[in-house]
Amino acid sequence: VQLQASGGGLVQAGGSLRLSCAASGRTFDRGTVGWFRQAPGKEREFVAAIRWSPSSTHYADSVKGRFTISRDNAKNTVYLQMNSLKPEDTAVYSCAATPRRFNSGSVYYPNTYDYWGQGTLVTVSS
């Protein structure tokens with residue numbers, strides 16, 4: 001499985017971006033896809049995840065109400081719509097996936113995921 005993350009860029013505070021995570025080699029028809037981010041000098045942190053069965057979405061407290069994760073099964077792509085961006089959202093964002101089923105509490109941990117895409121840089125200017 002290969003994951004391709006895209007959509008990063010430079011945006012002013014209050015602006016929006018939509019990140020995409022496209023999969024090849026395997027369809028997103030089960031398991032979980034998550035987004036993580038890592039800012040300079042900081043540890044990688046969970047941002048959002050979407051599960052197929054049972055269907056559910058999960059968000060870090062810092063992005064709730066501003067970010068939305070969604071999927072397009074036909075395009076085998078997961079999106080992260082980011083609104084009301086803040087300078088503290090600046091980071092390299094990476095998507096990850098696993099076809100395995102875990103309880104919902106596992107979506108927050110990087111070692112849950114089997115496949116990782118390269119990161120896409122999001123820079124929010126103040």
Side-chain angles (χ1 to χ4, degrees):
V1 176
Q2 290 189 328
L3 303 178
Q4 180 73 37
S6 62
L10 174 63
V11 64
Q12 288 188 332
S16 298
L17 283 173
R18 188 178 77 161
L19 305 184
S20 299
C21 178
S24 59
R26 188 179 186 130
T27 57
F28 282 149
D29 60 357
R30 64 180 66 187
T32 302
V33 173
W35 285 96
F36 291 78
R37 67 186 182 186
Q38 188 166 19
K42 295 187 177 181
E43 293 186 355
R44 181 167 54 188
E45 65 174 354
F46 170 81
V47 177
I50 186 165
R51 299 173 70 212
W52 263 252
S53 179
S55 179
S56 63
T57 57
H58 308 266
Y59 298 94
D61 288 343
S62 59
V63 308
K64 278 181 182 176
R66 300 189 297 123
F67 292 11
T68 303
I69 190 169
S70 63
R71 66 187 189 222
D72 185 328
N73 292 338
K75 295 183 178 179
N76 211 29
T77 300
V78 169
Y79 301 101
L80 185 67
Q81 177 67 42
M82 305 187 297
N83 298 329
S84 302
L85 283 161
K86 304 175 181 179
E88 51 263 44
D89 294 318
T90 295
V92 174
Y93 286 70
S94 300
C95 61
T98 177
R100 297 177 289 163
R101 292 185 65 180
F102 295 92
N103 61 47
S104 61
S106 298
V107 304
Y108 304 96
Y109 304 103
N111 60 8
T112 294
Y113 299 87
D114 300 301
Y115 307 103
W116 288 81
Q118 92 296 347
T120 184
L121 177 62
V122 172
T123 303
V124 184
S125 63
S126 57

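In this text the structure is predicted, and so the values were computed from the model without any measurement. Just so you know, residue 1 is the first one in the sequence shown, and it goes up from there.
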Tell me, with the steps shown, if V122 and M82 meet side chain to side chain contact (heavy atoms under 4.5 Å, CB included).
-> CA-CA 10 Å; V122 172; M82 305 187 297; 3.8 Å; yes

Checklist line | Donor-acceptor under 3.5 Å (S106 side chain, S104 main chain) | finding: no

Inset, instruction - Look at the side chain of N76 and the backbone N and O of A23, then say whether any donor-acceptor pair between them is shorter than 3.5 Å. - result: yes

Is any side-chain heavy atom of [X] less than 4.5 Å from a side-chain heavy atom of [Y]?
X: T120; Y: L19; result: yes
X: V1; Y: W116; result: no
X: V107; Y: R51; result: yes
X: N83; Y: F67; result: no
X: T68; Y: Y79; result: no
X: I50; Y: T32; result: no

(Q) Is it true that, when you exclude E45 itself, more than 12 heavy atoms of the residues, nucleotides or ligands shown sit nearer than 6.0 Å to its CD? (A)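 Yes, CD of E45 has more than 12 neighbouring heavy atoms, counting only those of other groups under 6.0 Å.
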
| said: Tell me if the OH atom of Y109 is crowded by more than 12 foreign heavy atoms within 6.0 Å. | reply: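 Atom OH in Y109 is not crowded, with 12 or fewer foreign heavy atoms closer than 6.0 Å.
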
Please table the atom pairs, donor to acceptor, closer than 3.5 Å between any side-chain atom in residues 87-101 and protein atoms at least two apart or in another chain.
| unit_1 | atom_1 | unit_2 | atom_2 | d |
| --- | --- | --- | --- | --- |
| D89 | OD1 | R37 | NH1 | 2.9 |
| D89 | OD1 | R66 | NH2 | 3.0 |
| D89 | OD2 | R66 | NH1 | 2.7 |
| D89 | OD2 | R66 | NH2 | 3.4 |
| D89 | OD2 | K86 | N | 2.8 |
| T90 | OG1 | P87 | O | 2.9 |
| T90 | OG1 | V124 | N | 2.9 |
| T90 | OG1 | V124 | O | 3.4 |
| Y93 | OH | R37 | NH1 | 2.9 |
| Y93 | OH | D89 | O | 2.6 |
| T98 | OG1 | R100 | N | 3.2 |
| T98 | OG1 | D114 | OD2 | 2.6 |
| R100 | NE | D114 | OD2 | 3.1 |
| R100 | NH2 | D114 | OD1 | 2.7 |
| R100 | NH2 | D114 | OD2 | 3.4 |
| R101 | NE | S53 | O | 3.4 |
| R101 | NH2 | S53 | O | 3.4 |

Begin with the C-alpha distance, continue with both residues' side-chain angles, and end with the deciding distance and a verdict on side chain to side chain contact (heavy atoms under 4.5 Å, CB included) for L85 and L17.
-> CA-CA 8 Å; L85 283 161; L17 283 173; 4.2 Å; yes

K42 meets the side chain to side chain contact (heavy atoms under 4.5 Å, CB included) criterion, sequence neighbours left out, with A39

**Six-ring centre of W35, R44 cation under 6.0 angstrom, axis tolerance 45°** =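 Geometry flag: not set, cation outside 6.0 Å or 45°.
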
- Output, in order, the C-alpha distance, side-chain angles, deciding distance and verdict of side chain to side chain contact (heavy atoms under 4.5 Å, CB included) for Q81 and S16. CA-CA 7 Å; Q81 177 67 42; S16 298; 3.9 Å; yes

**Request:** Answer with yes or no whether the hydrophobic clustering places Y59 together with Y113; edges join I, L, V, M, F, W, Y residues whose side-chain heavy atoms lie under 4.5 Å apart.
**Result:** no

Residues at least two apart in sequence or cross-chain that pass ring pair (Phe, Tyr, Trp, His ring centres under 6.0 Å) with F46, listed by chain then number, are F36, Y108

- Task: Determine the minimum heavy-atom distance between Q118 and A5, stating which atoms define it.
- Result: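 For Q118 and A5, the tightest heavy-atom pair comes out as NE2-O, 2.7 Å.
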
